[in-house]
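Please read the structure below before turning to the comments.
Naming convention: chains lettered A, B, ... in sequence-line order (proteins, then strands); numbering from 1 in each chain.
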There are 2 protein chains.
Amino acid sequence: MGTPTTRPATLDDVARAAGVSRATASRVLGGYGFTSADARARVGAAADRLGYVPDVTARALVRGAGVRLVVAVIGRAGTVLDDPYVHRVVSAASRVCAPHGVGVALEWLPLGDPSGLVRLGADRGVCGVVLVNTTPAALAAVPARLQGRVVSIGTGSATVPSFDVDNAAGAEAVLRHLYTTGRRRIAMVTGPRWLVCAERSVTAYRGLMRAAGLPERVVTGDFTTARGGRAALEALRRWPELDAVYAASDATAFGVIAALRGRGLRVPHDVAVAGFDDLPYAAVSSPPLTTATHPVDRIAAAAATAVLTRASVAPATAFASTLVARESA
Amino acid sequence: MGTPTTRPATLDDVARAAGVSRATASRVLGGYGFTSADARARVGAAADRLGYVPDVTARALVRGAGVRLVVAVIGRAGTVLDDPYVHRVVSAASRVCAPHGVGVALEWLPLGDPSGLVRLGADRGVCGVVLVNTTPAALAAVPARLQGRVVSIGTGSATVPSFDVDNAAGAEAVLRHLYTTGRRRIAMVTGPRWLVCAERSVTAYRGLMRAAGLPERVVTGDFTTARGGRAALEALRRWPELDAVYAASDATAFGVIAALRGRGLRVPHDVAVAGFDDLPYAAVSSPPLTTATHPVDRIAAAAATAVLTRASVAPATAFASTLVARESA
DNA sequence: GCTTGTGGTGGTAGCGCTCTCAGGTGTGCG
DNA sequence: CGCACACCTGAGAGCGCTACCACCACAAGC
């Protein structure tokens, strides 16, 4: 339980209480090297009698391990940090890191200038980096010292393993649903065009449309609700006949729905709308949004785990995305 | 800029390059003690020529300062960590901490058993704690070593300063709006009853109803959408005549609206619904939700800053909440 | 006997930093 | 001239921990 003393117990205290040397106590607590059953018992007992908690700071110092994981978000402006997507990444990473005594820091890497990575590479406090919204420039800017400590959510590279949702499969599931429910004049509102992983959805959309002999109708979005609304109006202007919109994110879809309604169109009766992400609100929006799942928490947890354990991981891990058919499409 | 060497530069490297002792370099970089203009110039130049970044780990070790801030969420089950509210607290805290080389860790303190605080008190890696969803039990369990390093979002105590939204003012703004738009049979769906800060809204509601000579209609909720829906049905059963619902959170309000519609009632024509939080989705929901602002980001940033700077702060800081009148009420 | 393990232990050198302390060099003043 | 004082500097002692290394005891093999 731990006697509440003024000063937290140190390894020395534990060793002294157990009648062994600091080295032996360290071996027992660290679980390495040879230790007798007797030593293990005594050190263990002493440790939890004193409420011993290892000092991650000292440990990191001597191991050169670092003490916080940086979630580096690449984007156009500081506001990308407000994206609920980023929130979920940070929370999931934090939950993985907490038991290791590792903290999480959220940082912004301006789009086109990922030189901040150099500083992160020089910072000994950093035990690893999770890149969000990867760009080729960022991948190229990863400093040598960080090799093997950087992972990416989104597209990776030979040296940076990636963890991502299977955008193509998600897009296909949604588009197939639109098709089987009779929609043929389907437009897509994309994510930001510089985002490699967002482009995968567009590629999937184009491929599917072509395969079905349907015309391609693409409008650029940026994952936000506001832009989604504007994109919907543009789509309507260019293709007044459209009967479905596939939005690259749920937030976009909400904007699309609001804009369509503003034009007097009924969703899904006149125009079906589907999103991507399956945000919590998607289930309670009006109408409830048809979308595809995006297991951000599992993705971020896997990414953080990979950094923390430094285990060798596959260069690219894809997480399944499945259709959630509700009422908007 | 920093020449990309294999090993990040240390203070020794900087001192040697500047031709001064480590102590002088430390004084210059740390900005304390006496330093000559000459020394300052040379050390500064050497530092950024070498791309020197102080090792927060070593610094924390010698200062006994800790290296991560813990956001401790008190709640019924592990799932409270998925609350978007918590996400925002973590992100805002992280943004404040990042420049200091401090990470953020998210932890869950089971409701009724805040003994985890004892462990945090023994953990030298922890530089402070931000308590979310404070309970009296948690306030009492704060270990001595953590005194002055713990703040609370929600109600505090003599030793734990608090930062919170002005629930009462927010509730009043919303209820006044309902009243002036002609609603008289107003029910409230509350937050969790054990949450001190949530009870402040209920108290405000009761006071206002009483002052207006209106009957009090209170149903217990827990801030979730699902519970909001069930609470709305219960309210409808008990008071079929009601013409407005004040939900203690936007998430609750969404559940309420969905449930009311399920009963064939129109919002706001038959029943007005207002929430509290002003989530991003509130602006695009259908109908757009009337609610009151909850500046979580500013609150969390202030809380984190207080812990980090250890400056003396007022025992309780309230952040204004203002009405956002949209269409649901 | 001597070697070569095998299982266990303690001494101790740092990791990179901060900060105290003992000095050193002026400058002003009695 | 002596003394106080302000300004500046470097040596060095650790912060708590890990891990390298030397050592010891005992057993087995030649």
Side-chain angles (χ1 to χ4, degrees), chain A residues 5-43 46-47 50-67 100-102 122-127 145, chain B residues 5-44 46-47 50-68 100-102 122-127 145:
Chain A
T5 38
T6 325
R7 164 181 78 61
T10 70
L11 186 60
D12 267 309
D13 299 331
V14 174
R16 211 168 309 121
V20 298
S21 73
R22 188 167 68 245
T24 300
S26 180
R27 267 188 297 259
V28 170
L29 267 5
Y32 64 95
F34 293 110
T35 46
S36 62
D38 179 55
R40 277 193 293 275
R42 280 159 62 198
V43 171
L50 296 174
Y52 173 72
V53 178
D55 182 343
V56 288
T57 293
R59 178 177 289 178
L61 175 61
V62 63
R63 286 206 194 146
V67 90
H100 295 82
V102 168
D123 189 336
R124 302 177 113 106
V126 174
C127 68
R145 203 187 75 92
Chain B
T5 40
T6 326
R7 164 181 78 62
T10 70
L11 185 61
D12 267 309
D13 299 331
V14 174
R16 212 170 306 123
V20 299
S21 74
R22 188 169 67 244
T24 299
S26 179
R27 266 187 297 259
V28 170
L29 268 4
Y32 63 95
F34 292 111
T35 46
S36 61
D38 179 56
R40 278 193 292 275
R42 282 158 62 198
V43 170
L50 296 174
Y52 174 70
V53 178
D55 182 343
V56 287
T57 293
R59 177 176 290 179
L61 176 61
V62 64
R63 285 205 194 150
V67 89
R68 68 185 196 282
H100 295 81
V102 168
D123 190 335
R124 300 178 114 106
V126 174
C127 66
R145 202 185 77 89

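The footprint of chain A on DNA chain D, defined by a heavy-atom cutoff below 4.0 Å, extends from D/dG16 to D/dA19.
Listed by first and then second residue, the salt bridge (charged side-chain N to carboxylate O under 4.0 Å, His left out) pairs that reach into residues 19-33 of chain A are A/D12-A/R22, sequence neighbours excluded. Residue pairs that meet the salt bridge (charged side-chain N to carboxylate O under 4.0 Å, His left out) test with at least one member in residues 51-67 of chain A, sequence neighbours left out, do not exist here.
The salt bridge (Lys or Arg N to Asp or Glu O under 4.0 Å) test applied to A/R16 returns A/D13, not counting sequence neighbours. Applying the side chain to side chain contact (heavy atoms under 4.5 Å, CB included) rule to B/A60 yields the partners A/T57, B/V67; only residues at least two apart in sequence or on another chain are considered. Annotation: side-chain hydrogen bond (donor to acceptor under 3.5 Å, both in side chains) contacts of B/D123 (sequence neighbours excluded): B/R68. Judged as a side-chain hydrogen bond (donor to acceptor under 3.5 Å, both in side chains), and not counting sequence neighbours, A/S36 has no contacts. Applying the salt bridge (Lys or Arg N to Asp or Glu O under 4.0 Å) criterion to B/R42, with sequence neighbours excluded, gives B/D38. Listed by chain and residue number, B/L11, B/A15, B/V20, B/V43 satisfy the side chain to side chain contact (heavy atoms under 4.5 Å, CB included) test with B/A25 (two or more places apart in sequence, or in another chain).
Across all strands shown, B/A60 has no heavy atoms under 4.0 Å from either base or sugar-phosphate atoms.
What separates CZ of A/R42 from P of C/dG8 is a distance of 14 Å, to the nearest Å. Straight-line distance from the CZ atom of B/F34 to the C1' atom of C/dG24: 15 Å, rounded to whole Å.
A pairwise comparison of heavy atoms in A/A122 and B/P8 identifies O-CB, 3.4 Å as the closest pair.
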*Indicate for each nucleotide in nucleotides 13-22 of chain C, in 5' to 3' sequence, whether protein heavy atoms under 4.0 Å reach the base (B), only the sugar-phosphate (S), or nothing (-).*
BBBBBBB---
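Under the 4.5 Å side-chain criterion, counting only non-hydrogen atoms from C-beta, B/P54 is not in contact with B/L29.
Here A/T35 does not reach the OP1 or OP2 of C/dG7: none of its side-chain N or O atoms lies under 4.0 Å away.
Axis deviation across the helix from C/dG1-D/dC30 to C/dG30-D/dC1 amounts to 60°, comparing end segments of five pairs, rounded to 10 degrees.
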